[in-house]
Amino acid sequence: MGNIAAALQAVHRRMAAALAEAGRAPEAARLLAVSKTFPAEAVREAWAAGQRAFGESYVQEALAKIEALADLAIEWHFIGPVQSNKTRALAERFAWVHGVDRMKIAERLAAARPAGLPPLDVCVQVNIGGEASKGGVEPGAALALAREVARLPGLRLRGFMAIPPPTADFAAQRAQFAELRRLFEQARAAGLDVDTLSMGMSDDLEAAILEGATLVRVGSAIFGARSKTTNLESADDAEEHR
Ligand SMILES: *Cc1c(COP(=O)(O)O)cnc(C)c1O
């Protein structure tokens, strides 16, 4: 078995253990493999091992990979910050966008979603932990934004996403994820048809699953360590901040 197949198995074992500990069904959380900075061949290898949903964070890199892997029926998720000049590409080429954090972005995605495709699945990104550098709507404004997004044709609001500040403290991880879970529960209580809590990464997926994550976004535990600043990353960032 290749490295990626073995790593995928190990992640599935971690997820299964956390789901069992939480008393949740084995299929209650699914795995999004985050392939950013890794080549198309790595995605192909994960596909061969049964992985179907992949996450990307940089638009130019993602579009090249989508092109190179067009022969596979991959479910592509965009999990990076959404720049308004990139909404057309996202609406045309992705199945999901996790980083919707303002109405302007949601409207542009909705307007650009091709009529022949099913609605674009979206999550409202919430700034849990209050880091100034991170994207996401303030928790207090998230429910109102979710309500507005849910009304847009061309989009289907699936739920909420967060990238809390990393901490090695398990209780602190759980407390941050619990904040997003409470928001999710409020949304459901308010009548919003949401089914997705996108939270948890390689280092904290257990805490996320214990707090109700339905989708964990895992990169390095599957594909290996990423170099800190890749050329791809800086090139795409420069372009997107222009
Ligand atoms: C890179 C990234 C991940 C995966 O992080 P790992 O620590 O490699 O598992 C998950 N979510 C988002 C939004 C990311 O940008």
Side-chain angles (χ1 to χ4, degrees), residues 24 28-30 32 53 55-57 59 75-165 174-201 208-217 240:
R24 301 175 62 201
R30 67 175 182 134
L32 180 67
E56 290 284 334
S57 296
V59 178
E75 181 182 285
W76 289 106
H77 293 231
F78 189 77
I79 60 174
V82 183
Q83 309 291 327
S84 60
N85 63 337
K86 298 294 167 60
T87 46
R88 176 162 302 278
L90 298 183
E92 289 177 351
R93 309 307 298 271
F94 285 80
W96 285 66
V97 172
H98 291 235
V100 172
D101 63 359
R102 54 200 191 276
M103 206 46 197
K104 180 190 172 195
I105 291 293
E107 282 165 347
R108 290 179 65 100
L109 288 170
R113 183 65 168 176
L117 294 180
L120 181 68
D121 287 308
V122 298
C123 292
V124 163
Q125 184 179 348
V126 185
N127 188 357
I128 298 290
E131 278 184 309
S133 63
K134 288 275 170 62
V137 63
E138 290 311 307
L143 196 52
L145 176 61
R147 273 207 187 86
E148 281 195 81
V149 169
R151 286 198 209 100
L152 290 174
L155 303 185
R156 180 174 170 211
L157 176 71
R158 297 297 296 265
F160 298 95
M161 179 270 219
I163 316 168
R174 284 195 65 163
Q176 291 179 329
F177 292 132
E179 197 179 334
L180 196 68
R181 173 176 48 79
R182 282 192 294 272
L183 203 56
F184 177 75
E185 286 165 355
Q186 279 172 23
R188 289 178 65 95
L192 287 175
D193 183 18
V194 287
D195 63 4
T196 299
L197 258 179
S198 167
M199 60 188 196
M201 320 202 304
I209 286 174
L210 285 169
E211 294 299 339
T214 66
L215 181 151
V216 292
R217 309 177 309 264
E240 294 187 349

Output, in order, the C-alpha distance, side-chain angles, deciding distance and verdict of side chain to side chain contact (heavy atoms under 4.5 Å, CB included) for Val59 and Phe78.
-> CA-CA 8 Å; Val59 178; Phe78 189 77; 3.7 Å; yes
For the pair Arg158 and Val122, evaluate side chain to side chain contact (heavy atoms under 4.5 Å, CB included) and give the outcome as yes or no after the intermediate values.
-> CA-CA 6 Å; Arg158 297 297 296 265; Val122 298; over 6 Å; no
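For the pair Arg102 and Glu107, the salt-bridge criterion is not met [side-chain N within less than 4.0 Å of a carboxylate O].
Open room surrounds CZ on Arg88; 12 or fewer heavy atoms of other groups in view lie less than 6.0 Å from it. Within 6.0 Å of CG in Asp193 there are 12 or fewer heavy atoms belonging to other residues, nucleotides or ligands.
The two residues Gly99 and Val82 come nearest to each other via the heavy atoms O-CG2, 3.9 Å. The two residues Leu90 and Leu120 come nearest to each other via the heavy atoms O-CD1, 4.4 Å. Pairing each heavy atom of Pro114 with each of Ala91, the nearest pair is CD-O, 3.5 Å. Contact record, Val149 with Ala106: CG2-CB, 3.9 Å, taken as the closest heavy-atom pair. Nearest approach of Phe94 to Ala89, heavy atoms of both residues: CD1-O, 4.3 Å. Contact between Ala110 and Pro153 at its shortest, heavy atoms only, is CB-O, 3.3 Å.
Contact check for Val137 versus Gln125: no side-chain heavy atoms found under the 4.5 Å cut-off. The side-chain heavy atoms of Arg188 and Val194, taken from C-beta on, include a pair separated by under 4.5 Å. Proximity of His98 to Leu215: side-chain heavy atoms (C-beta onward) are separated by under 4.5 Å at one or more points. When side chains are defined from C-beta on, Met199 does not count as touching Val216, because their heavy atoms never get closer than 4.5 Å. Two residues are said to be in side-chain contact when any heavy atoms from C-beta on lie closer than 4.5 Å; Glu56 and Ile79 fail this criterion. For the pair Cys123/Val100, no side-chain contact is recorded, criterion being any heavy-atom separation below 4.5 Å from C-beta on. Taking the side chain as every heavy atom from C-beta outward, Asp195 and Thr214 never approach each other to under 4.5 Å. Residues Ser84 and Lys104 have side chains in contact (heavy-atom distance under 4.5 Å, counting atoms from C-beta outward).
Between the side chains of Ser198 and Arg217, a donor-acceptor pair is found at a separation under 3.5 Å.
Considering CG of Leu197 and CD of Glu185, their distance stands at 8.5 Å, rounded to 0.5 Å. Rounding to the nearest 0.5 Å places CD of Glu138 at 10.0 Å from CG of Asp101. Taken from CG in Leu143 to CD in Glu148, the straight-line distance is 11.5 Å, to the nearest 0.5 Å. Atom CG of Leu210 is separated from atom CZ of Arg174 by 4.5 Å, given to the nearest 0.5 angstrom. Distance check, rounded to the nearest 0.5 Å: CZ of Phe160 to CZ of Phe184 gives 8.0 Å.
When the options Arg182, Arg181, Gln176 are evaluated for a side-chain hydrogen bond (donor to acceptor under 3.5 Å, both in side chains) with Glu211, the one that passes is Arg181.
The backbone N or O of Trp96 lies less than 3.5 Å from no partner atom in the side chain of Asp121, so there is not a single donor-acceptor pair. Side chain of Arg24 to main chain of Ile209: a donor-acceptor pair is present (N/O by atom type, distance under 3.5 Å, no hydrogens or angles).
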